[in-house]
Amino acid sequence: MDKSAEVWKELFLDALKPHKHLPLLFSGGMDSLTILAGLMELGQKPHLYTYMLSDQPSKDAHSAQSNASRLNLNLSMVEIPQQNLLADVKEIIALLPKVSKSAIQCGHPMKYLAKKIMNDGHDLVLCGTVGIVEDNRKVNVILSKLGE
């Protein structure tokens, strides 16, 4: 590994250390895999959370299951009822004066994931950076204030 890559790795691990005991939202994509690799480098085996829409696992859900299985990690698959989809999307659209596709895609699952994560005794969770866009953050803050 070249010197600059080693420096970036150490910076990443140093930033991750204070949060190393948290569970991880895990899509199986590059962002969550990178965080998982860092946690495992720090000697952790985090509990992973992902979701699927009713009985229709996405490519991300398959990837998350496959990676969790290969690494012998606990994965909670949260099922989002398909019959709630339209009402949920309307709720998110109503929360913001201007809503983006990413706010719906990223904010919607949190309504269901947060309940499972909190029921498991956690009030914080790690997640990849691409999923945290400003609209998504606003949706999550609003849903939290509404008690969800």
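- Looking at N72 and K45, their side chains come closer than 4.5 Å, going by heavy atoms from C-beta outward.
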Does I80 form a side-chain contact (heavy atoms from CB on, under 4.5 Å) with M52? I'd like the steps, not just the answer.
CA-CA 6 Å; I80 299 173; M52 65 180 218; over 6 Å; no
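- Under the 4.5 Å side-chain heavy-atom criterion for grouping Ile, Leu, Val, Met, Phe, Trp and Tyr, M30 is not connected to F26 through any hydrophobic cluster.
- Side-chain contact between L75 and Y49 is absent, with no heavy-atom pair separated by less than 4.5 Å.
- S76 contributes atom OG, which lies 2.5 Å from atom NE2 of H47 (distance to the nearest 0.5 angstrom).
- Going from atom CG of D120 over to atom CG of N74 covers 10.0 Å, rounded to the nearest 0.5 Å.
- Taking all atoms of both residues into account, the shortest heavy-atom contact from S27 to S32 is N-OG, 3.2 Å.
- The closest side-chain heavy-atom distance from F12 to T34 is below 4.5 Å.
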Which side-chain N or O atoms in residues 13-22 pair as donor and acceptor under 3.5 Å with protein atoms at least two apart or in another chain?
| from | atom 1 | to | atom 2 | distance (Å) |
| --- | --- | --- | --- | --- |
| D14 | OD1 | K17 | NZ | 3.3 |
| H21 | ND1 | Q44 | OE1 | 3.2 |

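- Without hydrogens or angle criteria, T50 side chain to M77 main chain gives no donor-acceptor distance under 3.5 Å.
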Would you mind writing out the side-chain donor-acceptor pairs for residues 59-66 within the sub-3.5 Å range, not counting sequence neighbours?
| from | atom 1 | to | atom 2 | distance (Å) |
| --- | --- | --- | --- | --- |
| S63 | OG | G28 | O | 3.3 |
| S63 | OG | N67 | ND2 | 3.3 |

Given side-chain contact (heavy atoms from CB on, under 4.5 Å), test L73 with L36 step by step and report yes or no.
CA-CA 10 Å; L73 297 172; L36 177 58; 3.7 Å; yes
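- Residues P46 and P23 are not in side-chain contact: their nearest non-hydrogen atoms beyond the backbone lie 4.5 Å or more apart.
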Can you check side-chain contact (heavy atoms from CB on, under 4.5 Å) on L25 and I117, steps first, answer last?
CA-CA 10 Å; L25 292 180; I117 292 164; 3.8 Å; yes
Could you tabulate the donor-acceptor pairs under 3.5 Å formed by side-chain atoms of residues 81-90, not counting sequence neighbours?
| from | atom 1 | to | atom 2 | distance (Å) |
| --- | --- | --- | --- | --- |
| Q82 | OE1 | Q56 | NE2 | 3.2 |
| N84 | ND2 | Y112 | OH | 3.2 |
| D88 | OD1 | K111 | NZ | 3.4 |
| D88 | OD1 | Y112 | OH | 3.2 |
| D88 | OD2 | H108 | NE2 | 2.9 |
| D88 | OD2 | Y112 | OH | 2.4 |

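- Looking only at side-chain heavy atoms (C-beta outward), L39 and L126 come within less than 4.5 Å of each other.
- Put simply, the side chain of W8 does not reach to within 4.5 Å of the side chain of K3, judged on heavy atoms.
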